[in-house]
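One structure is given below, encoded as C-alpha cells.
Within every chain, numbering begins at 1; the chains are lettered A, B, ... in the order of the sequence lines, protein sequences first and strands thereafter.
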Number of protein chains: 2
Amino acid sequence: MVSAAAHATPTFSPLYQQIKALILGSLRSGEWKPGEVIPSEIELAARFRVSQGTVRKAIDELAAENLLLRRQGKGTFVATHAEQQVQFRFLKLVPDSGSRGSEGPAQRDIIECRRVRASADVAKALALRCGDTVLQVRRVLSFGGAPAILEDIWLPAAPFKGLTAERLATCKGPMYALFETEFNVRMVRAEEKIRAVAATETHADLLKVAVGGPLLSVERIAYTYQREPMELRKGYYRTDTHHYQNDMN
Amino acid sequence: MVSAAAHATPTFSPLYQQIKALILGSLRSGEWKPGEVIPSEIELAARFRVSQGTVRKAIDELAAENLLLRRQGKGTFVATHAEQQVQFRFLKLVPDSGSRGSEGPAQRDIIECRRVRASADVAKALALRCGDTVLQVRRVLSFGGAPAILEDIWLPAAPFKGLTAERLATCKGPMYALFETEFNVRMVRAEEKIRAVAATETHADLLKVAVGGPLLSVERIAYTYQREPMELRKGYYRTDTHHYQNDMN
DNA sequence: TAGTGGTCTAGACCACATA
DNA sequence: ATGTGGTCTAGACCACTAC
C-alpha cells in the first residue's frame, strides 16, 4: 500500500466553491454594488472558464445565504436592504395581532449621535482596540405612536466617517439601506443574544414604562461580507403589545 | 410524472417539486422512519421514472429543510432528533460563557403530567376544538444544578396515547426523540413568540427567582410534516446566566 | 471492489421579462 | 425576437464508506 495520497493538498475544494469565493470577492470589493445586476450565468461561465452549471451552483448557494437575489427573466442581483420584500430583515419584533407586512417602525427619533472612545466590551464586539473612536447612536422607534424600542448603536468611526444625527433623521428607509448607499457597507449576517431585564430609569423614561418592569434586551452584532463585525446594537423592546418572532426550520 | 395540465391552469409545478411531494408523502406515511436510510438516488430515479438529477434536486431541498440528511458514501437518511449533531435543535438557550456543545440540560424534573380539557387558546394553537382532551406536562430543566427553564407543554391526546410522567422521566435524550420512537411523531418546524415578563409566585417558586423579576417567556408551536401543529409549549427562561441565541443569515 | 452521494459538463427545452 | 434564469436529461468522473 502506498501511504502517500495522490494529491499533496489535503484541502479538497470543489470548483463551484472556488467560483463562489471569486464572486464573493467581487461583492466585497464593490465591483457589483447592492441592487445592481451581476453578469449573466453564461458570461460568468466564460469569464471563469467553467460550465454554466458550475456557476449556477455557486450562485445557488449565495442566493440561499441572501447575498444574491435571482429573478427569472431579468438576471441575478446583489441583495439590498432597500429591497421592499426584505426590508427590516433583522427586525423580529411584530405586533401581537397580525404580522408586520414588511413595513417598519412608523417613527424613528434620533436621541443622540456622537463620537466616543470604545469601551472594552464595545471594542471586543467590533474587533477594535480599546479606546478606538466609535460612533454612538441612541434612538427610539415607535409603532402607531407608542414608543416600543430603545436602541444604542455603536459603529466603527472609520468606515462611517461623516455620519451625523441629521443624516440619520432624514433617512426614510432602513438604516442598513443608508449604510449601503452612503458608506458602501452591506450587512449580511447578525447574531442576537436575547434576555429579559428590568427597566432602568432611563429605559422607563424613554419607553414610557414602569421602572423595574420587564423589557426584552436584544444585543446584536451585525456582520458584513467575510464575517467582519461592523455594528454593535443593544436594543430594549417593549413586549406588552408586540413580541419577538422566531421561526425555525 | 408529467401531468398533462397544459391548459390555462396557472399552476406550473416542476417535476422535482412533484418528486419532492412524493418523498414527503413517504416520510409522512412512515414508509421511511427517522434514522433510517431511504432508497438511493438511482433507485428513486427508477421508481419515479425520472433522471437521477431530478431526484437529486428534490432531495437537496428536503435536506436544506432538515427533513433528510445526506451522508456521502453511506446514503440519505431521515433526519431525527436523536442525532447527536442536531439534538435540542429548537433549544436556543445557551450559557453566557461559551456555547452549549450539543449537550442538553443536565437535569429534567417532571412536575406533572395529566389529561385536561383544551382551553380556547390551547385548542386554537393545536387546531383542536375547545374542550378536546389534551395532555398537559409541566417540567423544570436545570443546567449545572441550577433550575433555568420552566415549561408547560400541551399535546393532543390522540397521537400521544399512553404517554405518562414515568415514561418522560425515564427518557434520557430529547423529548422530541422519544416522540419519534414511541409515537411516530417527528417535529420538523417550530415558531416561537418571545416576550419579557415578570415572574409570578409559581415561576419564582420553581425557578428560585424573585417574584416580579424579569423572565423570558418563550411560546412555541411545533409542527410535524405538512405543517400540522402537534405541540404547544410555554417556557419561562432565566436569563441571568444564560441567553437566548438567535443567529440570522 | 462495489455502492453511495458529490462534482462537472454539454445540450435541449421551458418560463419569464423586455424591447 | 432576444436574453435571462429554471428545468431536465445523460454521462463521465471523483470522494467517501463499507465489505
Side-chain angles (χ1 to χ4, degrees), chain A residues 1-23 32 35-64 66-79 83 85, chain B residues 1-23 32 35-64 66-79 83 85:
Chain A
M1 288 299 166
V2 186
S3 61
H7 45 270
T9 63
T11 60
F12 163 69
S13 181
L15 239 189
Y16 77 89
Q17 288 286 4
Q18 301 173 40
I19 304 302
K20 183 181 171 185
L22 290 171
I23 294 174
W32 309 316
E36 293 180 357
V37 234
I38 72 171
S40 74
E41 296 178 350
I42 293 174
E43 281 181 83
L44 290 173
R47 178 201 290 205
F48 298 131
R49 309 295 189 92
V50 298
S51 77
Q52 184 181 355
T54 301
V55 171
R56 168 169 289 273
K57 184 147 188 181
I59 291 179
D60 277 346
E61 289 204 352
L62 291 166
N66 294 304
L67 299 187
L68 296 178
L69 182 64
R70 323 192 70 147
R71 283 194 255 178
Q72 182 172 154
K74 301 181 74 171
T76 300
F77 298 75
V78 182
E83 198 74 30
Q85 307 293 341
Chain B
M1 286 306 102
V2 181
S3 62
H7 311 325
T9 65
T11 62
F12 161 70
S13 183
L15 240 189
Y16 78 89
Q17 287 287 3
Q18 301 173 40
I19 304 302
K20 183 181 171 187
L22 290 171
I23 295 174
W32 309 316
E36 292 181 358
V37 232
I38 72 170
S40 75
E41 297 178 350
I42 293 173
E43 281 181 85
L44 290 174
R47 181 202 288 203
F48 298 132
R49 308 297 188 90
V50 298
S51 78
Q52 184 182 354
T54 301
V55 170
R56 170 168 285 273
K57 184 148 188 180
I59 291 179
D60 276 346
E61 289 205 351
L62 291 165
N66 295 304
L67 299 187
L68 295 177
L69 183 64
R70 323 192 72 147
R71 283 195 254 180
Q72 183 171 156
K74 302 180 74 171
T76 300
F77 299 75
V78 183
E83 198 74 30
Q85 307 292 341

Of the listed nucleotides ([options]), which one gets closest to any side-chain atom of [X]?
| X | options | result |
| --- | --- | --- |
| B:Tyr16 | C:dT7, D:dC8, D:dG6 | D:dC8 |
| B:Leu15 | D:dT7, D:dC8, C:dC8 | D:dC8 |
| A:Pro14 | C:dT7, D:dT7, C:dT4 | C:dT7 |
| A:Arg70 | D:dC8, D:dG6, D:dT4 | D:dG6 |

How many Å lie between [atom1] on [X] and [atom2] on [N], as a whole number?
| X | N | atom1 | atom2 | value |
| --- | --- | --- | --- | --- |
| B:Arg56 | D:dT7 | CZ | C1' | 16 Å |
| A:Ile19 | C:dC8 | CD1 | P | 9 Å |
| A:Glu41 | D:dT2 | CD | P | 21 Å |
| B:Gln18 | D:dT7 | CD | P | 12 Å |
| A:Leu68 | D:dT4 | CG | P | 16 Å |
| B:Leu44 | C:dG3 | CG | P | 17 Å |
| A:Arg71 | D:dG6 | CZ | C1' | 16 Å |
| A:Lys57 | D:dT7 | NZ | P | 15 Å |

If you compare all heavy atoms of [X] against all heavy atoms of [Y], which two are closest, and at what distance to 0.1 Å?
| X | Y | answer |
| --- | --- | --- |
| B:Val50 | B:Ile19 | CG1-CD1, 4.1 Å |
| A:Val37 | A:Gly75 | CG1-CA, 4.3 Å |
| A:Trp32 | A:Leu44 | CH2-CD2, 4.1 Å |
| A:Ile23 | A:Ala58 | CD1-CB, 4.4 Å |

Discussion item. Which residues pass the side chain to side chain donor-acceptor pair (under 3.5 Å) test with B:Glu41, not counting sequence neighbours?
Written reply: B:Gln52, B:Arg56, B:Arg70
Could you write out each protein N or O paired with an N or O of nucleotides 15-18 of chain C at a distance under 3.5 Å?
residue : atom : partner : partner atom : Å
C:dA15  : N3   : A:Gln72 : OE1          : 3.0
C:dC16  : O4'  : A:Gln72 : OE1          : 3.2
C:dT18  : OP1  : A:Lys74 : NZ           : 3.3

Working to the nearest 0.5 Å, report the span between [atom1] of [X] and [atom2] of [Y].
| X | Y | atom1 | atom2 | answer |
| --- | --- | --- | --- | --- |
| B:Leu15 | B:Gln17 | CG | CD | 10.5 Å |
| A:Thr54 | A:Phe48 | OG1 | CZ | 12.0 Å |
| A:Leu22 | A:Lys20 | CG | NZ | 12.5 Å |

Discussion item. Does B:Glu83 form a side-chain contact (heavy atoms from CB on, under 4.5 Å) with B:Phe77? I'd like the steps, not just the answer.
Written reply: CA-CA 11 Å; B:Glu83 198 74 30; B:Phe77 299 75; over 6 Å; no
Could I get a table of every N or O pair under 3.5 Å where one atom is in the protein and the other is in nucleotides 10-13 of chain C?
none

